[in-house]
**Q** 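Could you have a look at this structure, given as structure tokens, before my questions?
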Protein chains: 2
Amino acid sequence: MHLLLVEDDHLVAEGLCRSLRQQGYSVEHSSTVKSAMQWLQNDEIELVVLDLGLPDGDGIDILKHIKKHRKNLPVVILTARGSIDDKVMGLDLGADDYLAKPFDPAELFARLRVASRRVTQAQTSTLKVGDVEMDTAAFTVSFQGEPVNLPRKEFMLLKALLENQGRVQSKQQLENKLYEWGEEVGSNTIEVHIHHLRKKFPKEFIKTLRGIGYVVGKR
Amino acid sequence: MHLLLVEDDHLVAEGLCRSLRQQGYSVEHSSTVKSAMQWLQNDEIELVVLDLGLPDGDGIDILKHIKKHRKNLPVVILTARGSIDDKVMGLDLGADDYLAKPFDPAELFARLRVASRRVTQAQTSTLKVGDVEMDTAAFTVSFQGEPVNLPRKEFMLLKALLENQGRVQSKQQLENKLYEWGEEVGSNTIEVHIHHLRKKFPKEFIKTLRGIGYVVGKR
DNA sequence: TCTAAGTTTAAGGTTAATTTAAGCATTAAA
DNA sequence: TTTAATGCTTAAATTAACCTTAAACTTAGA
């Protein structure tokens, strides 16, 4: 894992570099705001250890920069200043953690492990067929990137179709998905909703198979 | 945001509960390992503040249990023991942070904000959507640069919306975020708060999606 | 304690979503 | 090419969701 260490005190830096490498990180080191910024251009940096109080500027600026351009890059702040205000400020600006010098390297390593654990996690509940994309958690749908507003039943119907991409579903099956048991549907609701959906998407997006049902997607 | 406080000292617990609630958390409290475990069955707990050293067992067991069953649930440990070994152990077991007693409440709040950011994906303590800006740490909101005064519940509601910019949230979801369990909301509180918020911001800032919920921001 | 601000409740009005129903269009088989 | 079956379209009727208001209640601060 690639780590950027920003620290101006050469003695401290040297020691840290060595022990971080022993911990298995690939360490890049910079001692000025300027060079730190350059390193940050590099997308391969996955973790930053940042000393505030550098010779040519304030480390806080680096933090701001990171949080503006690479929100998900974890940053652990390292500093001599230990007042609570400083801590609160660093954390509120988006730092993931904060250690006051002097600190025990073991504690830094532990905190880095926590931070790097976080790097890998993402889960999306999104369905996509052609240009139509749905986020079932956020209740949003878009067509060619443009958001489309769907009422509840239309949303549910489209969801049922997208979840069964390429599979034909009868009106009866779809009805069962949209309505509670025992809720009698005495009419052609599904047809009507399909009609409304079709107005919002390309002509042939929802295909009809006469006497069988409806499909979406490849076939 | 739902928080579980595990703390056996009743005096401390009471004070913390109150101030955490003022910080906008819905706080559930338990003072034993057993009841903590029960609370943790509940999926909606999003954040845990854990005192080690409980009467009927070790808090570390709770931590282990959490990390086994709900890896992503952030835990902030709170304890009288302050040695580095303890810290390292707590962190390596998956705690996200560690505070030694006595601590300044402001620092706990700052660290909790960091932990909850992780849950909500937001990166800093300031949330911004359009002309509306919120500083969750300072508890302030502004519209077009002008400060807007919001009562606590309205603030929490707006926060829940801003944290989920572009994501539609149902009334039920919002209710769950603003209220503690056992506190049944027998009425249309959310609707009323939304109404009040709308008076303070532009007409279409909070959008309604009938039958689905409310959103703020892009769509 | 008292007061003012915040919060919840409840009722009635408003509007959008959903269902219904009827007539029109298309398909496939005789 | 006719016919019967199935699906499409439209608009009106119905229903459910939401908004608004005001009053009752609660809480926090002086």
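A, B, ... follow the sequence lines: proteins, then strands. Residue 1 opens every chain. All values reported here derive from a predicted model rather than from experimental measurement.
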**Q** CD1 of A:Ile194 versus P of D:dT10: gap in Å, rounded?
**A** 16 Å
**Q** Using the closest heavy atom to pick a nucleotide of DNA chain D for each, name whichever of A:Gly211 or B:Arg18 lands nearer the 5' end.
**A** A:Gly211
**Q** Between D:dT6 and A:Thr208, is there an OP1 or OP2 to side-chain N/O distance shorter than 4.0 Å?
**A** no
**Q** Would you mind reading off the distance between B:Arg21 atom CZ and D:dA28 atom C1', rounded to a whole angstrom?
**A** 15 Å
**Q** DNA chain C: A:His193 or A:Arg210, which has the more 5' nearest nucleotide?
**A** A:His193
**Q** In whole Å, I'd like the distance from the OH atom of B:Tyr179 to the P atom of C:dT9.
**A** 8 Å
**Q** Can you say whether a donor on the side chain of A:Arg152 sits under 3.5 Å from an acceptor on the base of C:dT18, or the other way round?
**A** no
**Q** Taking any heavy-atom pair under 4.0 Å as a contact, classify A:Ser187: base, sugar-phosphate, or nothing.
**A** base
**Q** Can you tell me how far C1' of D:dT9 sits from CG of A:Leu197, to the nearest Å?
**A** 15 Å
**Q** Is it the case that atom NZ in A:Lys177 sees more than 12 heavy atoms from other parts of the structure closer than 6.0 Å?
**A** yes
**Q** Tell me what B:Tyr214 touches on the nucleic acid: a base, only sugar-phosphate, or nothing, going by heavy atoms under 4.0 Å.
**A** sugar-phosphate
**Q** Look at the side chain of A:His195 and decide which nucleotide, out of D:dC8, C:dA25, C:dT19, has an atom nearest to it.
**A** D:dC8
**Q** Could you tell me the separation between the NZ atom of A:Lys199 and the P atom of C:dA17, rounded to a whole number of Å?
**A** 13 Å
**Q** Measure from the side chain of A:Arg198, starting at C-beta and using heavy atoms only, and say which of C:dT9, D:dT10, D:dC8 lies closest.
**A** D:dC8
**Q** What heavy-atom pair brings A:Asp61 and A:Met37 nearest, and what distance separates the two atoms?
**A** O-CE, 4.1 Å
**Q** To the nearest Å, give me how far apart CG (A:Leu174) and P (D:dG7) are.
**A** 12 Å
**Q** What nucleic acid atoms does A:Lys171 come within less than 4.0 Å of, heavy atoms only: base, sugar-phosphate, or nothing?
**A** sugar-phosphate
**Q** Whole angstrom is fine here: how far is it from CZ in B:Phe139 over to C1' in C:dG6?
**A** 15 Å
**Q** Side chain of A:Asn188, base of D:dT6: donor and acceptor closer than 3.5 Å?
**A** no
**Q** Can you tell me which residue among A:Thr208, A:Leu161, A:Thr189 is in a side-chain contact (heavy atoms from CB on, under 4.5 Å) with A:Ile194?
**A** A:Leu161
**Q** Looking at C:dA10, C:dT14, C:dT18, which one has an atom nearest to any side-chain atom of A:Lys153?
**A** C:dT18
**Q** Could you check whether any side-chain N or O of A:Arg111 sits under 3.5 Å from a backbone N or O of A:Tyr98, counting only pairs where one atom can act as donor and the other as acceptor?
**A** no
**Q** If you compare all heavy atoms of B:Lys64 against all heavy atoms of B:Leu93, which two are closest, and at what distance to 0.1 Å?
**A** CG-CD2, 4.1 Å
**Q** Which nucleotide, D:dA5, C:dA17, C:dT7, lies nearest any side-chain atom of B:Pro151?
**A** C:dT7
**Q** Rounded to the Å, how far apart are B:Glu191 CD and D:dC19 P?
**A** 6 Å
